[in-house]
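Data first, discussion second: the structure below is written as structure tokens.
Read the numbers this way: they start at 1 and go in the same order the structure lists the ligands and their atoms.
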Amino acid sequence: MVTASHVAAATTTTLVHRADQAPGWWRDAVIYQIYPRSFADSDGDGVGDLPGITGRLDHLARLGVDAVWLSPFYPSPQHDGGYDVADYRSVHPQLGTLSDMDALIARADQLGLRVIVDLVPNHTSDAHPWFAEALAAPPGSPERDRYIFRDGTGPDGAEPPNNWGSVFGGPGWTRITEADGSPGQWYLHLFDSHQPDLNWEHEEVRGEFIDVLRFWLDRGVAGFRVDVAHGLIKDQSFPEWDGHRTMISAEESAEHAGKQAPMWDQPRVHEIYRTWREVLAEYGPERVLIAEAWVEDDRALARYVRPDEMHQAFNFQFLITPWRAGALRQSIQTSLLELDAVGAPCTWVLSNHDVVRAASRLGLPITGKGPNGIGAGDPQPDGELGLRRARAGLLLMLALPGSAYLYQGEEFGLPEHTDLPDEMRQDPTFARTDGQVAGRDGCRIPLPWRSDAPGYGFSPTGATWLPQPDSFAALAADTQKGDPSSTYELVRAALRIRRDWRLGSGSLAWVDGLPVNERDLLVFTNREVVVLVNLGERAVPLPADLEVLLASGGGDDVDHVGPDEAVWAVIPRPADDDGQH
Ligand code: NOJ
């Protein structure tokens with residue numbers, strides 16, 4: 001029989017990660033992502049808003065997170081769910097006002113929650129005043145130079161300046177009509193054509209964003225999640241490049257593997273973040289920068305969080321790792337080692353507003369990065385399997401040292417909406433790929449708060465800007481709160497134990513050589529907590545006399561780790577042991 005002493009004996013003496021003593025609240029923080037349009041609606045128009053968020057912040061305090069990150073709430077024509085910003089210093093009228101934002105920050109502060117906002121520096125909306133000025137001014141003007149305008153190629157400049165594509169599909173350049181009505185120059189947009197890329201070679205662009213940072217820092221935000229942080233600097237020779245990098249995968253085709261794309265992760269991008277870090281430092285040591293950077297590997301990612309750059313970067317390698325013990329172990333280990341090497345905390349993330357929700361993604365036959373959205377005609381996930389794995393994945397993620405990100409609704413185990421009618425889809429990816437790629441709407445569905453209310457209590461009128469799937473009824477917040485078998489109570493308990501045992505700043509050591517079939521088992525300790533995740537198809541008996549703290553399968557009276565389940569346990573101290581060992 002395997003016992004706790006086997007676990008103790010099998011725990012490797014080489015720590016993969018040592019307890020982190022460095023100061024900084026973010027190093028072990030659990031940060032909750034709010035997608036404002038879909039969190040809670042206060043005024044009944046079916047679109048979530050800032051007062052809706054403020055009214056539900058106590059839910060997040062009770063859940064036990066440390067901070068919230070708000071996806072964009074700025075004025076925007078919503079061609080890309082708010083990531084097309086028309087004014088960086090204001091609030092979209094449908095979502096509220098600046099005073100609502102002040103009230104949100106104040107309420108969060110009362111509840112001990114920090115507020116991080118999303119900064120979108122790679123591109124503006126085409127409704128930004130700068131773009132209007134660029135169109136009105138002639139080629140070569142300073143106004144045009146805030147963006148990336150080039151003459152076309154071919155006869156009459158009718159072909160784009162080069163072959164770069166948009167991440168959302170289709171070409172990366174759009175031709176304008178000049179003020180005099182003639183066919184004109186082309187502008188670069190690495191995303192939708194309504195999102196012209198800014199020219200970060202232009203001093204005015206740099207100055208503007210420093211000013212925007214200060215605007216929000218002065219209002220009391222704890223920091224910024226920096227959108228497309230790896231994209232701001234382009235190779236100024238604009239060489240041909242036909243590699244296609246999607247957002248949810250850092251993979252290039254074999255032909256491009258190992259070659260540096262001219263629009264991503266250019267070395268000079270780091271200068272920008274050094275200047276930003278200095279600005280944040282003026283506001284004290286507590287304000288943070290978080291990189292959204294889809295880069296080649298953990299080493300490239302670590303460059304964004306060197307001591308004089310950002311504080312954190314999303315660990316998307318972890319998110320896209322297939323649900324396999326070996327792959328996950330490798331991924332966790334590499335991330336910890338690479339990030340440790342620059343003195344930065346690791347982050348862990350399984351879901352966000354750009355990827356298929358983990359509870360569905362992990363229920364697909366191929367359990368890696370998953371598709372970019374799921375449509376009614378696509379293979380459908382196994383919901384039960386997906387949820388079981390998502391719950392185990394949460395216990396895995398929340399037991400790891402570093403900082404963790406939860407995406408709204410992940411605490412309810414929400415699945416993706418996988419059969420949204422095509423005409424409801426709003427993600428530009430859907431239109432730009434002629435419907436080939438379903439896109440990200442399915443993970444952005446308004447949250448269910450009450451099972452018996454219209455729109456599941458998302459808004460007072462029952463209106464929701466995207467329809468909710470029927471499966472939300474059984475997963476609404478009110479059905480889960482107080483039910484110990486619910487995902488919500490699992491996450492809440494995990495956050496409490498994580499805090500009590502200081503797992504976020506703890507150490508990681510693999511437990512190797514247990515006399516059980518280990519191929520599909522991931523076992524490690526973090527401080528005194530033993531974490532077992534079973535990625536295989538057969539139940540594995542729990543080492544006898546381990547004291548179970550939490551089990552993703554439910555209950556603490558468990559004697560095995562079932563397939564796709566995770567258990568947190570402790571080795572009882574001899575004094576607690578009734579002298580039996
Ligand atoms: C990354 C954001 O997370 C995504 O939602 C957005 O579409 C792109 N950046 C472009 O801003």
Side-chain angles (χ1 to χ4, degrees), residues 31 33-39 69-86 88 92 116-128 131 147-148 164-170 172 188-198 200 209 212 224-232 234 244-250 263-265 269 289-295 301 304 310 312-316 319-320 347 349-357 369 372-373 405 407-408 416 425-433 437-445 466:
I31 301 174
Q33 180 189 357
I34 293 181
Y35 192 73
R37 287 159 56 79
S38 299
F39 187 72
W69 144 40
L70 304 184
S71 278
F73 48 78
Y74 310 107
S76 160
Q78 304 293 336
H79 286 294
D80 181 24
Y83 283 90
D84 46 327
V85 179
Y88 290 86
H92 192 287
I116 291 163
V117 296
D118 215 307
L119 188 70
V120 189
N122 180 68
H123 43 264
T124 68
S125 157
D126 60 356
H128 190 286
F131 197 67
Y147 294 92
I148 302 176
W164 294 6
S166 153
V167 168
F168 293 156
L188 178 70
H189 51 87
L190 292 179
F191 295 89
D192 188 63
S193 55
H194 294 285
Q195 294 167 294
D197 277 48
L198 284 164
W200 276 84
F209 276 87
V212 170
F224 304 88
R225 175 266 190 193
V226 181
D227 189 64
V228 198
H230 58 310
L232 276 49
K234 280 82 181 175
H244 179 65
R245 180 163 296 192
T246 62
M247 211 160 32
I248 55 164
S249 161
M263 67 290 276
W264 307 124
D265 200 22
V269 81
L289 293 166
I290 301 151
E292 188 233 10
W294 291 94
V295 292
L301 192 70
Y304 287 78
M310 303 219 199
Q312 284 192 352
F314 294 114
N315 183 351
F316 294 128
L319 187 151
I320 63 176
T347 66
V349 56
L350 288 169
S351 288
N352 67 28
H353 66 296
D354 290 329
V355 300
V356 171
R357 283 184 176 275
K369 64 187 160 66
N372 185 349
Y405 282 81
Y407 176 49
Q408 65 179 36
E416 186 85 357
R425 292 199 179 271
Q426 305 202 5
D427 183 350
T429 309
F430 182 72
R432 291 185 67 88
T433 60
V437 178
R440 301 162 292 170
D441 299 297
C443 64
R444 300 175 176 179
I445 304 296
L466 283 174

For Arg440, the ligand 1 atoms with a heavy-atom partner under 4.0 Å come out as 4 (C), 5 (O), 6 (C), 7 (O)
Atoms of ligand 1 under 4.0 Å from any heavy atom of Arg444, numbered from 1 in the order shown, are 5 (O)
So for Phe168 against ligand 1, with non-hydrogen atoms under 4.0 Å, the contacting part is side chain
* Asked: Hey, is the main chain of Gln426 close enough, under 3.5 Å, to the side chain of Asp441 for a donor-acceptor pair?
  -> yes
Exercise for review: Give a yes/no on ligand 1: does Arg225 have at least one heavy atom closer than 4.0 angstrom to it?
Suggested key: yes
Per-atom filter on ligand 1: closer than 4.0 angstrom to a heavy atom of Glu292 are 1 (C), 3 (O)
Under 4.0 Å from one or more heavy atoms of Val228, ligand 1 contributes atoms 9 (N)
Do the side chain of Thr433 and the main chain of Val437 share a donor and acceptor less than 3.5 angstrom apart? yes
ring-ring contact (aromatic ring centres under 6.0 Å, His included) filter on His353, not counting sequence neighbours, yields Tyr35, Tyr83
Ligand 1 to His123, heavy atom cutoff 4.0 Å, flagged ligand atoms 10 (C), 11 (O)
ask   = Where the side chain of His92 meets the backbone of Ser76, is there a donor-acceptor pair that is under 3.5 Å apart?
value = yes
Are Asp427 and Arg425 ion-paired here, with the side-chain N under 4.0 Å from a carboxylate O? no
inquiry  = Is any side-chain heavy atom of Trp69 closer than 4.5 Å to one of Ile290?
reply    = no
